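These numbers come from the heavy atoms of this one structure, side chains and all, not from hydrogens, waters or symmetry mates. None of the values given here were measured: they were computed from a predicted structure. Each chain gets a letter, A, B and so on, in the order its sequence line appears, and its residues count up from 1.
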2 protein chains.
Amino acid sequence: MTEPSKESTKASNQFSTEEKIKEAARRVFHQKGFAGTTTRDIAREAGMNLALLNYYFRGKKKLFEIIMLETVQGFIQSIKHYLNDQDTSIQQKVEILVENYIDLLQREPNIPVFILSEVRNDPSYLIEQVGLREAILGSHFVKQLMEFGDKTGRKMANPLHFLINLLGMTVFPFITKPLLSGVWGMDEKQFKALMDERRILIPRAMKAILEGNAMLAPS
Amino acid sequence: MTEPSKESTKASNQFSTEEKIKEAARRVFHQKGFAGTTTRDIAREAGMNLALLNYYFRGKKKLFEIIMLETVQGFIQSIKHYLNDQDTSIQQKVEILVENYIDLLQREPNIPVFILSEVRNDPSYLIEQVGLREAILGSHFVKQLMEFGDKTGRKMANPLHFLINLLGMTVFPFITKPLLSGVWGMDEKQFKALMDERRILIPRAMKAILEGNAMLAPS
DNA sequence: ATTTGATTTAATCAAATGATTGAACTATCC
DNA sequence: GGATAGTTCAATCATTTGATTAAATCAAAT
C-alpha cells in the first residue's frame with residue numbers, strides 16, 4: 001500500500017517498469033486516443049500486468065494526463081527557444097520552425113491528431129498548464145510579425161493568419177497522412193521524400209506570401 | 001422481428017424516428033468520435049429508447065459507418081463539381097473552394113477532426129467507397145496545376161504540395177479552433193470574423209505562392 | 001371492431017473494462 | 001538469516017456498455 005517512489009532502486013534503471021508502462025501508454029494513446037484505449041491495451045503493449053498500471057499511475061485518467069502534458073510540452077518546447085531569438089529574421093524563424101517540426105513529426109507523426117482530437121472541446125487546462133498563450137503571444141516572432149505590417153503603408157492583418165498558414169502547411173500533411181498515402185498511393189519512403197521537399201517549399205511559400213503582401217488586412 | 005422499411009409510413013414524415021436518431025448520432029459522433037460515444041449517448045440526444053437504435057440501424061458500428069460515409073461524401077461532393085469546371089482558372093477554383101469549405105465548416109466545424117481522428121490508421125474503406133482518389137487525382141484542377149508547372153522553365157513540384165497548402169490554410173484553423181480560441185481569447189463571433197477575413201487572404205496567399213514560383217521543384 | 005404489421009418500451013443479458021485485493025516475490029539493510 | 005520496504009501477479013469486483021427480448025402500443029387496412 002505504499003507509494004512508489006520516483007527514486008526507487010529499480011526505477012533508476014534505464015528501462016524501469018514505470019518507464020516501460022509510460023512509453024507503452026504514449027504509443028497506444030497517441031495511436032488510439034483516450035477513449036479508444038483500454039488499460040489492458042497498455043499493459044499488453046508494455047508486457048506487464050494490468051495492476052502495475054494502477055500501482056504506478058493510479059488509474060487510466062492520471063496516466064493519460066501525464067502523457068498529454070508531456071506531449072504538448074514537447075511540442076511547444078521544441079521551438080519555443082528559437083521563436084524568441086532576437087537575432088534571427090522572420091524568414092529564418094520560419095525555416096527553423098519548419099525544420100524542427102518536420103523532424104519531430106517524422107519521428108512521431110501521430111502527435112497532431114492525438115492532441116487535436118483530445119482537445120476538441122475543452123483545451124483550457126492545457127493552455128494553463130503549458131503556458132501556451134505566453135509561449136506564442138509573448139514571443140519575439142509575433143512581435144516581428146506585427147512590426148512587419150507597419151513597414152508597408154497598410155497594417156498587417158492579425159499575425160494569427162501568418163501563423164495559421166505556417167503551421168497549417170507544416171502540420172496538415174501529417175494530420176492527413178493516411179488519406180494522402182491512400183489517395184496518392186504513397187508508401188512511407190515517398191511520404192518522407194514529400195515532407196523533405198516541403199522543408200524547402202514551405203519557407204519559400206511563406207516568403208512569397210510575405211513579399212507579395214498577401215497577409216495585409218483585407219480592404 | 002420484421003425489418004424497418006425505408007418507405008414505411010412514419011419514416012416518410014420529415015422528422016421520423018429514424019432521422020432523429022441519425023441526426024443525433026451525427027452530432028454526437030462528430031463531437032466525441034466512435035470510441036468516445038455510447039449508444040446511450042445517442043439515444044438520450046435523440047430523446048429515444050436505446051433499443052430503437054439497434055432496431056433501425058442494427059448496432060452502433062453500422063450506424064457509425066452510415067454517418068461517416070455521409071460526412072465524407074458531403075465533404076467531397078460540396079466542391080467536386082467546381083474542380084472539374086473546364087472554364088475556370090486555377091485562381092477561380094481556389095476562390096470557390098475556399099468559399100465553399102469555409103461556409104461548410106462554419107456550419108459544421110467538427111467535421112475535420114472527426115474524419116481525421118477516425119481515419120487515423122486505415123482509410124482504405126473510405127477511399128474506395130467514396131471514390132476519393134478519382135475525385136481528386138482525376139480532377140481538372142489537378143491537370144491545370146500540372147500544366148502550370150510546364151509553362152515556366154522548371155517543372156512544378158508535385159501538385160500535391162499546392163493542394164496541401166490550400167487545404168491546410170483553409171481547414172487547419174477549424175481543426176485548431178479550440179486552441180486558437182483559448183490562446184487568442186476569441187469567442188465565436190471573433191472566430192467567424194477571422195475566417196471571413198481568410199476568404200480573401202487565402203486566395204491572395206495562393207496567388208502569391210503561384211506567382212512567386214514557390215511551388216516549383218526544389219533544386 | 002378486428003386484424004395485421006410496424007413501432008416503441010422496460011427489463012435484462014453477456015461481455016468488456018477500470019480498478020482493487022491479498023498473497024507472493026525481490027532486493028537491500030542489519 | 002531475518003526484517004523491511006518495494007514490486008509483481010492472479011484473481012476478483014463493480015460498473016459500463018452494446019445488444020436482445022418479450023410485451024405493449026400504434027396506425028392503417030379490411
Side-chain angles (χ1 to χ4, degrees), chain A residues 1-68 117-118, chain B residues 1-68 117-118:
Chain A
M1 285 297 103
T2 40
E3 283 289 302
S5 76
K6 299 289 172 191
E7 295 299 331
S8 67
T9 47
K10 288 203 174 177
S12 61
N13 299 338
Q14 193 176 3
F15 295 109
S16 65
T17 297
E18 189 174 350
E19 294 237 349
K20 277 193 222 163
I21 292 174
K22 211 163 91 175
E23 284 314 299
R26 190 196 324 283
R27 284 193 298 275
V28 181
F29 277 141
H30 279 190
Q31 199 190 352
K32 311 209 283 183
F34 177 78
T37 298
T38 69
T39 52
R40 285 169 175 84
D41 280 342
I42 297 173
R44 196 180 325 114
E45 172 84 10
M48 305 270 151
N49 187 291
L50 167 61
L52 290 174
L53 185 153
N54 293 291
Y55 174 69
Y56 281 108
F57 297 99
R58 323 220 268 129
K60 180 187 177 185
K61 192 80 186 293
K62 290 268 171 53
L63 176 53
F64 176 80
E65 280 167 5
I66 291 171
I67 300 299
M68 174 57 98
S117 62
E118 297 302 336
Chain B
M1 284 296 107
T2 40
E3 283 290 300
S5 73
K6 299 289 172 190
E7 295 300 333
S8 68
T9 48
K10 285 201 174 176
S12 61
N13 299 339
Q14 194 176 3
F15 295 110
S16 65
T17 298
E18 190 173 349
E19 294 235 351
K20 275 193 221 161
I21 293 174
K22 209 161 93 175
E23 284 314 298
R26 200 171 46 76
R27 284 194 297 275
V28 181
F29 277 140
H30 280 190
Q31 197 189 354
K32 312 211 282 183
F34 178 78
T37 298
T38 70
T39 51
R40 285 169 175 83
D41 281 341
I42 298 173
R44 197 181 324 113
E45 172 82 10
M48 306 266 148
N49 187 291
L50 167 60
L52 289 175
L53 186 153
N54 293 291
Y55 174 70
Y56 281 107
F57 297 99
R58 304 150 145 265
K60 180 186 179 187
K61 193 78 186 295
K62 290 268 171 52
L63 176 53
F64 176 79
E65 280 165 5
I66 291 171
I67 301 297
M68 173 56 98
S117 61
E118 297 301 336

| field | Over-ring placement of A:K60 relative to A:F34, 6.0 Å and 45° cut-offs | value | yes
| query | How close or far is atom C1' of D:dT7 from atom NZ of A:K20, stated in whole angstroms? | reply | 13 Å
| message | Is B:T39 close enough to D:dT17 that one of its side-chain N or O atoms is under 4.0 Å from OP1 or OP2 there? | response | no
| query | Mind checking whether B:L63 and B:R58 have side chains closer than 4.5 Å, heavy atoms only? | reply | no
| message | Within this structure, what is the NZ-OH distance for the pair A:K20 and A:Y56, rounded to the nearest 0.5 Å? | response | 10.0 Å
| said: Measure CZ/B:F57 against P/D:dA19 and give the value in whole Å, please. | reply: 14 Å
| query | Tell me: CG of A:N54 to P of C:dT21, nearest whole Å? | reply | 11 Å
| query | Would you say D:dT7 has OP1 or OP2 under 4.0 Å from some side-chain N or O of A:T17? | reply | no
| request: Salt-bridge test for B:R26 and B:E23: reply yes if a basic N is under 4.0 Å from a carboxylate O, no otherwise. | output: yes
| message | Is there a side-chain contact between B:F29 and B:I42 in this structure, where contact means two heavy atoms from C-beta onward sitting under 4.5 Å apart? | response | yes
| request: Measure across B:S117 and A:S117 and return the closest heavy-atom pair with its distance rounded to 0.1 Å. | output: CB-CB, 3.8 Å
| message | What's the separation between atom NZ in A:K62 and atom CD1 in A:I67, rounded to the nearest 0.5 Å? | response | 14.5 Å
| query | Can you tell me how far OG1 of B:T38 sits from CG of B:L50, rounded to the nearest 0.5 angstrom? | reply | 8.5 Å
| Are any non-hydrogen side-chain atoms of B:T17 and B:M48 less than 4.5 angstrom apart? | yes
| query | Once you round to the nearest 0.5 Å, how far does CG of B:D41 lie from CD of B:Q31? | reply | 9.5 Å
| said: Counting C-beta onward and ignoring hydrogens, is there a side-chain heavy-atom pair between B:E118 and B:F64 closer than 4.5 Å? | reply: yes
| Atom OG1 of A:T39 and atom CZ of A:F57: how far apart are they, to the nearest 0.5 Å? | 13.5 Å
Give each protein N/O atom lying under 3.5 Å from an N/O atom of nucleotides 10-15 of chain C, with the pair distance.
from: C:dA10; atom 1: N7; to: B:N49; atom 2: ND2; distance (Å): 3.3

| message | I need the residues from residues 24-35 of chain A with at least one non-hydrogen atom less than 4.0 Å from DNA chain D; give them sorted by number, or say none. | response | none
| Considering heavy-atom distances to DNA chain C, does B:L52 or A:T38 have its closest nucleotide positioned more toward the 5' end? | B:L52
| query | Tell me, what's DNA chain D's dot-bracket, Watson-Crick or G-U with both distances under 3.5 Å, | for other-strand, [ ] crossing? | reply | ||||||||||||||||||||||||||||||
| message | Could you tell me how far apart B:Y55 (OH) and D:dA22 (P) are, to the nearest whole angstrom? | response | 16 Å
| request: Rounded to the nearest angstrom, tell me the gap between atom CE in A:M48 and atom P in D:dC9. | output: 7 Å
| said: What is the separation between atom NZ on A:K61 and atom P on C:dT17, rounded to the nearest whole Å? | reply: 18 Å
| query | In whole Å, what is the span from the OH atom of B:Y56 to the P atom of C:dT9? | reply | 10 Å
| query | CG of A:L53 versus P of C:dT20: gap in Å, rounded? | reply | 11 Å
| message | Given D:dT7, D:dA19, C:dT7, identify the nucleotide with an atom nearest to the side chain of B:K60. | response | D:dA19
